[in-house]
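Heads up: the structure comes next, in structure tokens.
All chains are named by letter (A, B, ...) in the order of the sequence lines, taking the proteins before the strands, and each is independently numbered beginning at 1. The basis for the numbers below is simple: all heavy atoms, side chains too, and nothing from hydrogens, waters or symmetry mates.
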Amino acid sequence: MSDAKENGLFLQDTMSRSKSKVFAEKEDLLRFYCCGPTVYGAAHIGNFRTFVAQDLFRRVTECNGLKTLHVRNLTDVDDKTIRGSIKAGQGLKKFTDHWKDRFHNDCSALGLLKPHVEPSAVAHIAQQIQLVENLLKLGHAYTSEDGSVYFRISSFGEYGKLSKLKSRDLSTGASRRTTVDDEYSKESLGDFALWKGRRPEDGDNFWESPWGQGRPGWHLECSAMCREYLGDSFDLHSGGEDLVFPHHENEIAQSICSSGKPFARHWFHIAHLMVDGGKMSKSLGNMYTLDDLTNKGYAPEVVRYALLSGHYRQPLNFTFSSLEAARSAIGKLLQANNLLGGGDSPSYEDSLARGSSELGPFNASWEALLDDLNAPKALGALFSAIKKIDLAGLMGNEKDNLRSSFWFILNAFGICLPKVGAIKDPPTKIKVLAEKRLQARLAKNWADADKHREKLNEAGWLVRDVPSGFELIPK
RNA sequence: GGCGCGGUAGCCAAGUGGUAAGGCCGAGGACUGCAAAUCCUUUAUCGCGAGUUCGAUUCUCGCCCGCGCCUCCA
């Protein structure tokens with residue numbers, strides 16, 4: 001595939017199971033939707049793997065010259081948020097607002113670009129009701145005695161196309177997860193709730209609708225908000241791979257049956273993050289939040305790098321040694337930056353303005369990103385480029401060109417380097433320790449000097465000897 | 001049972017029909033305080049068997065192992 005010559009980003013499409021060029025159907029504005037988090041607790045790093053991959057997608061798209069309209073929702077009403085708020089003795093809004101804030105802080109720490117629109121389910125009840133009414137009117141949905149409304153999957157011939165699940169043998173219940181519950185109210189086991197009739201356990205979390213009090217089903221919000229902000233048809237839809245079925249399959253069914261028009265043109269799914277070779281789960285105690293990792297001394301930039309170090313279509317095995325590796329790798333990039341002149345780094349906007357032309361030795365890295373966001377290959381090419389360049393022997397303007405190319409790649413990745421020399425005051429305790437060490441060194445008391453250095457290390461600071469004394473670098 | 005993915009050096013992870021990027025760790029060297037930081041060098045025949053081929057890690061088939069989804073889930 002002559003990807004690079006075509007000058008576009010080629011990305012795997014889940015629907016066709018093949019790579020195709022990402023393009024904007026309208027006005028050079030790429031309109032895309034990402035399924036966001038359910039705000040009932042702190043997002044874990046598995047969630048963030050998906051959001052980081054989507055961020056990489058957006059950066060590469062924009063660096064390649066396309067403007068974007070990025071919509072990512074917040075699910076603030078569902079079983080978990082309702083249960084959580086009741087348990088916490090808070091109103092749903094207060095409860096979810098708290099976790100929304102937390103999510104935003106984490107996103108910012110990880111260097112994620114803010115979506116242009118971040119709609120929440122609760123703020124779009126009317127649009128969801130309208131969608132249900134339309135589906136009822138067109139005969140794709142039916143009401144049940146308990147005030148719920150279900151989508152009839154048999155009325156959508158293409159149901160199962162995305163996940164390649166055809167006739168689902170539900171009678172065997174092979175997964176043994178099919179429960180009887182309220183299934184009697186559905187015509188078919190595969191039908192799913194568009195609207196859930198009010199139940200006692202929902203507390204006061206219900207809304208009025210033409211079918212009585214209740215709340216929207218989970219799949220409905222995305223369909224409604226896609227339509228609200230991107231229209232019936234748009235360029236790309238993304239989420240974690242577990243959403244392929246049933247969530248995205250159901251969104252497709254709802255949206256297409258309601259509008260009669262195509263839905264998303266391109267489907268972008270991100271594989272899961274594994275921890276120590278297995279699935280993350282609370283019971284195994286291997287489910288980490290960003291805070292868990294920063295508390296262990298790993299900067300968010302390091303976490304981001306680690307999350308980018310595997311290809312998005314491959315499960316990524318997350319371990320603490322992968323964080324150590326990420327930290328060291330960033331240190332290496334920092335050295336390269338220093339050799340290229342250091343100083344203020346070009347911003348993301350600077351890199352957008354620069355564009356992707358004449359990247360010199362860094363071109364291979366850029367091309368790897370354009371070929372299905374091959375981040376590991378791109379990182380490999382980045383380090384190879386650094387190694388090849390005779391940084392010390394460069395003339396001034398050559399250095400400037402290389403520097404802007406280097407930063408074009410880093411900004412496309414969203415990789416941040418710690419700012420050596422511009423570090424805000426380290427804690428006094430740390431400075432005192434470093435000063436003690438310097439005095440010990442000057443007195444040639446190596447044993448004490450090393451003892452102090454070790455203490456600094458344990459506190460998360462690297463001390464480096466320079467002619468003027470020392471530099472402190474957070475690890 | 002259905003659908004799908006993967007098995008590459010101590011760890012992580014790309015890749016190609018012609019004998020394998022990169023990062024981490026380890027080792028050796030330079031520098032140094034026989035230190036740290038930094039720099040240089042260095043570490044694999046690609047799960048098993050068969051087939052196709054002049055030649056396969058890369059294609060085909062079979063097997064073994066691991067993983068994900070099959071209506072909570074990024």
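Between Met280(A) atom CE and C72(B) atom P the separation is 19 Å, expressed in whole Å. Going from atom CE of Met274(A) over to atom C1' of G66(B) covers 9 Å, rounded to whole Å. Rounding to whole angstrom units, OH of residue Tyr305(A) and C1' of A13(B) are separated by 10 Å. Between the CD1 atom of Ile45(A) and the P atom of C73(B) there is a distance of 20 Å, given to the nearest Å. In this entry the distance linking CE of Met287(A) with C1' of A74(B) reads 10 Å, nearest Å. For the pair Glu241(A) CD and A74(B) C1', the computed distance is 9 Å after rounding to whole Å. Rounded to a whole Å, the CG atom of Leu333(A) is 17 Å from the P atom of A37(B). Straight-line distance from the CZ atom of Arg49(A) to the P atom of C73(B): 20 Å, rounded to whole Å.
For G68(B), its base never sits under 3.5 Å from the side chain of Asp242(A) at any donor and acceptor pair.
Here His272(A) lies parallel enough and close enough to stack on the base of A74(B), with planes under 30° and ring centres under 5.5 Å apart.
Nucleotides U58(B) and G49(B), compared at atom P, are 12 Å apart to the nearest Å. Annotation: C54(B) and C39(B) have their C1' atoms spaced 45 Å apart (nearest Å). Separation of the C1' atoms belonging to A50(B) and G66(B) is 23 Å when rounded to the nearest angstrom. Comparing the C1' positions of U19(B) and U8(B) gives an interatomic distance of 14 Å, to the nearest angstrom. Distance noted for atom C1' between A44(B) and G23(B): 16 Å (whole Å). Between the P atoms of U42(B) and G1(B), the separation comes to 50 Å (whole Å).
Which of A37(B), A74(B), U71(B) sits closest to the side chain of Arg464(A) comes down to A37(B). Picking from U41(B), A74(B), U71(B) the nucleotide with the shortest atom distance to the side chain of Pro246(A) gives U71(B). Distance from the side chain of Ser321(A) is smallest for C11(B) among the nucleotides C11(B), G33(B), A21(B). Between G15(B), A35(B), A74(B), one nucleotide has an atom nearer to the side chain of Arg437(A) than all others, and that is A35(B). For Ala449(A), whose side chain is taken as the heavy atoms from C-beta onward, the closest listed nucleotide among C72(B), G15(B), G33(B) is G33(B). The side chain of Trp218(A) lies closest to C73(B) when the candidates are A14(B), G23(B), C73(B). Side chain of Trp446(A), nearest nucleotide from G33(B), C24(B), G4(B): G33(B). Residue Ser384(A) places its side chain closer to G22(B) than to any other of C3(B), G22(B), C70(B). Counting only heavy atoms from C-beta on, Asp465(A) has its side chain closest to A35(B) among A35(B), A74(B), U41(B). With G23(B), G15(B), C39(B) as the choices, the nucleotide that has an atom nearest any side-chain atom of Gln335(A) turns out to be C39(B).
Each of His248(A), His269(A), Lys164(A) was checked for a side-chain hydrogen bond (donor to acceptor under 3.5 Å, both in side chains) with Thr14(A), and the lone residue meeting it is His269(A).
Comparing Gly46(A) and Lys332(A) by the nucleotide of RNA chain B that holds the closest heavy atom to each, the one mapping nearer the 5' end is Lys332(A). Projected onto RNA chain B by closest heavy-atom contact, Tyr312(A) and Glu324(A) fall at different nucleotides, the more 5' of which corresponds to Tyr312(A).
Nucleotide G6(B) forms a Watson-Crick or G-U wobble pair with C65(B), both donor-acceptor distances falling under 3.5 Å. Across the strands present, C39(B) finds its partner in G29(B); the criterion is a Watson-Crick or G-U wobble pair with both atom distances under 3.5 angstrom. When Watson-Crick and G-U wobble pairs are counted only if both distances are under 3.5 Å, U60(B) pairs with A50(B). When both pairing distances are held under 3.5 Å, G1(B) makes a Watson-Crick or G-U pair with C70(B).
Gly380(A) comes within 4.0 angstrom of a nucleotide base, judged by non-hydrogen atoms across all strands. Within 4.0 Å of Asn374(A), counting heavy atoms only, lie sugar-phosphate atoms of the nucleic acid but no base atom. At the heavy-atom level, Ser163(A) lies under 4.0 Å from the strands shown only through sugar-phosphate atoms. Among the atoms of the strands shown, base atoms are found under 4.0 Å from some heavy atom of His44(A). Within 4.0 Å (heavy atoms only), Gln314(A) reaches sugar-phosphate atoms of the nucleic acid but no base atom. Leu273(A) comes within contact range of at least one nucleobase, with a heavy-atom separation under 4.0 Å. Among the atoms of the strands shown, base atoms are found under 4.0 Å from some heavy atom of Arg441(A). Looking at heavy-atom distances under 4.0 Å, Leu243(A) makes contact with sugar-phosphate atoms alone, never a base.
Counting heavy atoms from C-beta outward, Leu410(A) and Leu417(A) have side chains that approach closer than 4.5 Å. Residues Pro119(A) and His124(A) are in side-chain contact: their nearest non-hydrogen atoms beyond the backbone lie under 4.5 Å apart.
Side-chain contact, Glu251(A) with Ser223(A): no donor N or O sits under 3.5 Å from an acceptor N or O. If you check the side chains of Asn47(A) and His44(A), you find a donor sitting under 3.5 Å from an acceptor.
Aromatic ring pairs are classed by plane angle as parallel below 30°, tilted from 30° to 60° and perpendicular above 60°; the pair Tyr298(A) and Phe320(A) is tilted. Below 30°, between 30° and 60°, or above 60°: for Phe32(A) and Phe57(A) the angle between ring planes is above 60°, a perpendicular geometry.
Cation-pi geometry between Arg72(A) and Phe51(A) is met: the NZ or CZ atom falls under 6.0 Å from the ring centre, inside 45° of the normal.
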